[in-house]
Amino acid sequence: MTTTTTTTTNHEQHDVVVVVVPLPAQGHLHASLELSRLLSATYNIPVYYVSTPAHIRQAQTRAVRWDPLTTPNLNFIDFPVSFEVPPPNPDASIKFPSQLVPAFNSSLQLRDPVTNLIKKFASVSRKVVVVHDFLTSYVVQDVPQIPKTECYCLHTVSAFLAFTYVYDAAKPPVPPEAEVVLEKLPSLDGCNSPEILEFAKKQINARVQGGGNIFSTSRVIEGLYLDLLAKMNPSKEFKHWALGPFNPVEIDATTTANRHYSLEWLDKQPANSVIFVSFGSTTSLSEDEINELAFGLEQSQQRFIWVLRDADKGDIFSGEVRERELPEGYEKRVSERGFVMRDWAPQLEILAHPSTGGFMSHCGWNSCMESISMGVPIVAWPMHSDQPRNALFIAEGLKIGILMREWERRNEVVSAETIERVVRTLMASPEGEEMKRNATELKEAVKLSVMEGGVTQKEMESFVAHITR
Ligand SMILES: *[C@@H]1O[C@H](CO)[C@@H](O)[C@H](O)[C@H]1NC(C)=O
Ligand SMILES: *[C@@H]1O[C@H](CO)[C@@H](O)[C@H](O)[C@H]1NC(C)=O
């Protein structure tokens with residue numbers, strides 16, 4: 001075990017400490033780390049973020065605009081585990097990143113060390129608050145037996161998604177504005193691989209009741225679905241908090257020092273003229289898909305930044321990253337209006353830049369929250385997991401985006417013509433302008449929600465008051 005602490009916490013009697021147990025996958029690591037930052041830096045609560053060495057390093061390395069190692073009260077504890085690190089398969093018929101499942105699986109080994117750690121904290125603290133991912137329920141299943149502990153489940157997904165599972169199972173009555181969206185719900189076919197379903201089943205079977213749910217969303221975005229979820233579990237002891245967005249909502253992407261080259265390029269482009277194309281850390285496109293996307297972007301004649309990366313491996317520091325090929329001469333040909341980057345993109349800053357007018361996204365929930373926070377409308381091109389349903393919510397629920405294609409047609413390669421048409425609709429049509437207006441309105445609401453007296457600020461204070469009571 002290695003402990004990295006920024007405060008001298010050993011041998012001290014604690015009041016309340018928070019132990020955060022993320023799933024070792026980028027989106028989950030990121031959301032958990034941002035929540036840890038809020039609790040430690042803003043509310044001065046000692047937070048211990050616990051995972052494997054590779055995944056702690058991954059989360060730290062990819063934190064944008066802040067340094068997890070110098071944040072007061074934020075501590076990291078790693079427990080070494082070993083796991084296989086297969087490469088992603090861009091040609092798999094299901095796009096779920098199965099290469100990550102051995103890393104997910106390795107987290108099961110954290111059960112005993114994490115239980116012992118929490119016992120140790122409980123012996124020297126008034127209270128230990130455990131915030132675990134829905135998909136690390138297995139790791140924390142022994143915690144309820146330890147005195148002076150409380151568990152809270154962090155859902156790094158949309159409340160809309162969480163509610164769709166309830167809706168699929170029980171078809172509870174919903175208001176008309178939810179019904180028009182829910183009646184178009186895509187099926188879950190093709191969203192997951194058998195390996196991940198097996199892993200998820202282990203988590204569900206080990207589920208602890210706990211003191212409540214934390215959602216990485218905001219009431220101003222998903223109040224309707226948060227209320228519907230709360231209605232399904234009306235117990236006074238079980239609470240629901242929407243504490244997002246976890247990302248900062250005000251970023252000046254035009255003036256900071258040591259800027260990424262993509263931001264310098266954006267400085268030279270007209271306002272709202274660039275579409276940012278990125279499918280997150282878990283998507284591998286096939287060669288055909290890359291070619292169609294390349295030509296589609298070119299033919300759209302819109303400005304673009306395209307992040308072309310292979311999907312993450314279970315350990316992002318192990319081995320080479322495969323470079324994906326583009327059509328011969330492509331980058332030179334498009335260099336007037338766009339470029340392709342291959343490294344990790346400062347996504348939030350790109351979205352915050354005034355030249356960025358659209359986002360072509362896989363609709364992972366963090367990406368949706370970041371785009372909403374920055375007022376950027378979305379071309380929604382979901383790939384797997386929760387993404388098809390998030391995409392529907394973005395397009396039909398929030399009306400800040402357009403679908404690239406229906407989920408039912410996921411097995412067809414999307415043609416360059418379709419890509420061209422959809423990109424033009426978002427970036428160069430009255431409909432696209434309206435989506436931009438809608439996205440801007442939502443962004444303003446989110447900004448107000450995190451200010452003094454705002455609804456998210458109040459939820460955060462209610463959560464902190466509850467865990468420190
Ligand atoms: C995950 O672990 C289970 C046993 O706990 C095993 O049956 C399964 O094959 C593992 N899956 C992968 C992809 O490593
Ligand atoms: C923008 O939002 C309004 C109000 O919800 C909605 O009526 C309109 O259809 C939206 N525009 C687009 C292009 O989705």
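Ligands are counted one by one from 1 in listed order, and the atoms in each one are counted from 1 as well. What you see is a predicted model; the values in this text were computed from it and never measured.
When each atom of ligand 2 is checked for a heavy atom of Met435 under 4.0 Å away, the hits are 13 (C). Close approach of ligand 2 to Glu431 is summarised as follows: ligand atoms under 4.0 Å from at least one heavy atom of the residue are 13 (C).
Of all protein heavy atoms, the one closest to atom 3 (C) of ligand 2 is Asn438 ND2, 3.7 Å. Nearest protein heavy-atom neighbour of atom 14 (O) of ligand 2: Lys399 CB, 3.5 Å.
The two residues Val220 and Ser449 make their nearest non-hydrogen contact at CG1-CB, 4.1 Å.
Between Arg421 and Glu417, no side-chain nitrogen of the basic residue sits less than 4.0 Å from a carboxylate oxygen of the acidic one, so the salt-bridge criterion is not met. Ion pairing of Glu331 with Arg342 is present here, as a side-chain N (NZ or NE/NH1/NH2) and a carboxylate O approach within less than 4.0 Å.
In this structure, atom 8 (C) of ligand 2 is in close contact with the protein, since a protein heavy atom lies within 4.0 Å of it.
Cation-pi geometry between Lys171 and Tyr167 is met: under 6.0 angstrom from the ring centre, within 45 degrees of the axis.
Ring geometry, Phe215 versus His155: the interplanar angle falls under 30°, so the pair is classed parallel (tilted spans 30 to 60°).
At a 3.5 angstrom cut-off on N or O pairs, Glu434 counts as close to ligand 2.
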